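Just so it is clear, the structure is predicted and the values come from calculations on it, not from any experiment. To find a chain, count down the sequence lines: A is the first, B the second, and so on, and within it residues start at 1.
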Protein chains: 2
Amino acid sequence: MVRRRAGITPELLVRAAAELADEGGLDKVTVSALARRFGVKDASLYSHIRNLRDLRVRLALLASAEMNDVIGAAVAGRSGKDALVAFAGAYRDYALAHPGRYAATQQRIEPSEVAADGSVLVRAVELTYGMLRGYGLTEPDLTDAARLLRATFHGYIHLELSGGFHHTRPVAASWARSLDALHSTLETWGNIR
Amino acid sequence: MVRRRAGITPELLVRAAAELADEGGLDKVTVSALARRFGVKDASLYSHIRNLRDLRVRLALLASAEMNDVIGAAVAGRSGKDALVAFAGAYRDYALAHPGRYAATQQRIEPSEVAADGSVLVRAVELTYGMLRGYGLTEPDLTDAARLLRATFHGYIHLELSGGFHHTRPVAASWARSLDALHSTLETWGNIR
DNA sequence: CCAAAAAGCTAATGCCTCTAGGATCTCGGC
DNA sequence: GCCGAGATCCTAGAGGCATTAGCTTTTTGG
């Protein structure tokens with residue numbers, strides 16, 4: 001009997017996992033579902049990934065890299081409010097288009113789990129700091145402002161994705177208004193309080 | 001053989017679930033774990049709760065009610081920045097003290113799942129709006145500002161709980177600074193852009 | 001062409017959800 | 001006090017998922 005192999009690689013698995021995540025949520029990313037997808041037994045996947053956790057970490061890194069790319073492209077050549085709006089827009093668009101991947105980026109990941117690929121996470125921070133330096137901020141304001149931005153962006157997307165905004169007013173309108181507010185805050189950061 | 005009953009009620013289950021959640025995270029809230037806790041077989045719990053989902057929704061309502069209480073008490077008699085700081089402090093303190101319960105409040109819950117107890121969710125909105133009216137905001141600014149606040153608070157807590165803040169600067173310091181910024185934003189909300 | 005590495009498979013264990021149907025306890029009413 | 005109804009708990013069992021161990025088959029480099 002000539003049974004060809006499935007030609008599975010960790011990369012293929014992660015890509016399939018990303019699709020599963022975006023289709024049905026991060027908790028649909030399961031070793032069984034993945035095995036099913038490749039027409040293979042569950043146990044067979046353990047030659048390619050260490051375990052489910054490993055798979056999800058890889059997925060998180062994939063998604064983070066993708067986000068870095070779209071955000072990086074969006075901010076390129078812009079500064080000030082232009083950059084802020086571009087950054088925020090790219091962030092939100094990615095998250096809404098790829099909710100499962102986005103959710104994956106929100107998992108707690110220990111440095112020991114990423115081995116050498118921590119660069120992805122570093123770059124995300126650099127993008128934010130780069131944008132903030134356009135507002136003339138320095139430490140510790142840089143850290144404070146970066147935290148505020150990340151929190152606001154993430155909080156918004158999370159609430160939007162989890163159906164937390166019931167009001168009839170379009171979320172996009174509130175989002176734009178919040179960006180105005182954030183911009184204004186960043187401009188006057190040094191004078192507040 | 002005289003076997004006394006365990007005296008289980010849905011309320012007891014939910015309270016135990018809350019403890020499980022705070023101890024090991026929301027995904028440790030499991031029918032099996034709960035049954036174990038009460039010295040009873042898994043299947044027995046299905047006389048008290050419809051299913052796991054039902055349990056988690058009840059947990060979310062419990063936690064939401066608790067948060068409303070502490071926040072309500074914190075804001076009582078205050079206005080302006082006092083109220084904002086009190087609100088935010090109560091919110092963050094509760095979430096950090098009860099991470100599992102807090103996580104439960106972040107689940108997507110359909111109106112059909114809460115039957116008549118939707119009042120809890122309404123009150124949360126009222127608390128926020130009440131505080132914002134102290135800043136003289138009216139619709140649609142009220143909605144926009146409420147969304148920004150919820151997003152920021154939630155985003156901050158989520159990132160803090162998930163270990164997203166790696167920098168050495170104390171999170172509490174950045175948090176305080178962000179509240180200053182938010183206050184300033186709310187004060188000038190009408191003038192921005 | 002062959003041996004070792006790689007990629008799958010079967011078998012098993014353990015944990016979890018949930019349903020069906022049976023036994024037992026409790027309690028209100030006679 | 002007794003009894004039936006309903007509430008509460010149990011046993012059995014199906015099915016899903018993660019993970020390990022050990023075996024077989026396919027590939028591939030020398």
Open item on the list: With a 4.0 Å cutoff (strictly under), does any side-chain N or O of S44(B) reach OP1 or OP2 of dC10(D)?
Closed with: yes
Task: Whole-Å distance separating the NZ atom of K41(A) from the C1' atom of dC23(D) - done: 16 Å
Pairs under 3.5 Å (N/O, protein and nucleotides 17-19 of chain D):
from, atom 1, to, atom 2, distance (Å)
dC17(D), OP1, R36(A), NH2, 3.2
dC17(D), OP2, R36(A), NH2, 2.6
dC17(D), O3', T30(A), OG1, 2.8
dA18(D), OP1, T30(A), OG1, 2.6
dA18(D), OP1, V31(A), N, 3.3
dA18(D), OP2, T30(A), OG1, 2.9
dA18(D), OP2, V31(A), N, 3.0
dA18(D), OP2, S32(A), N, 2.9
dA18(D), OP2, S32(A), OG, 3.1
dT19(D), OP2, Y46(A), OH, 3.1
dT19(D), OP2, L52(A), N, 2.8

Task: Heavy-atom side-chain contact between V29(B) and L34(B) under 4.5 Å - done: no
Task: Spacing of L55(B) atom CG relative to dC18(C) atom C1', expressed in whole Å - done: 14 Å
TODO: Please state how far atom CZ in F38(A) lies from atom C1' in dC9(C), giving the value in whole angstrom units.
DONE: 18 Å
TODO: Using only side-chain N and O atoms of H48(A), determine if any of them is under 4.0 Å from OP1 or OP2 of dG8(C).
DONE: yes
- [ ] State, yes or no, whether a side-chain contact exists between T128(A) and F87(A) at a heavy-atom distance under 4.5 Å.
- [x] yes
Open item on the list: Quick test of your reading of the model: are D69(A) and R123(A) salt-bridged, counting only N-O distances below 4.0 Å?
Closed with: yes
Open item on the list: Just by distance, no angles: are the side chains of H158(B) and H158(A) close enough, under 3.5 Å, to form a donor-acceptor pair?
Closed with: no
Task: Residues in ring-ring contact (aromatic ring centres under 6.0 Å, His included) contact with Y156(B), at least two apart in sequence or another chain - done: F165(B), W175(B)
Task: Heavy-atom pair of closest approach, residues V120(A) and S64(A) - done: CG1-CB, 3.5 Å
Open item on the list: Using whole Å, what does the distance between atom P of nucleotide dC15(C) and atom CG of D27(B) come to?
Closed with: 17 Å
Open item on the list: Could you tell me how far apart L12(B) (CG) and dT8(D) (P) are, to the nearest whole angstrom?
Closed with: 12 Å
Task: Between dT26(C) (C1') and I8(B) (CD1): distance, integer Å - done: 16 Å
Task: Between dT20(D) (C1') and L45(A) (CG): distance, integer Å - done: 14 Å
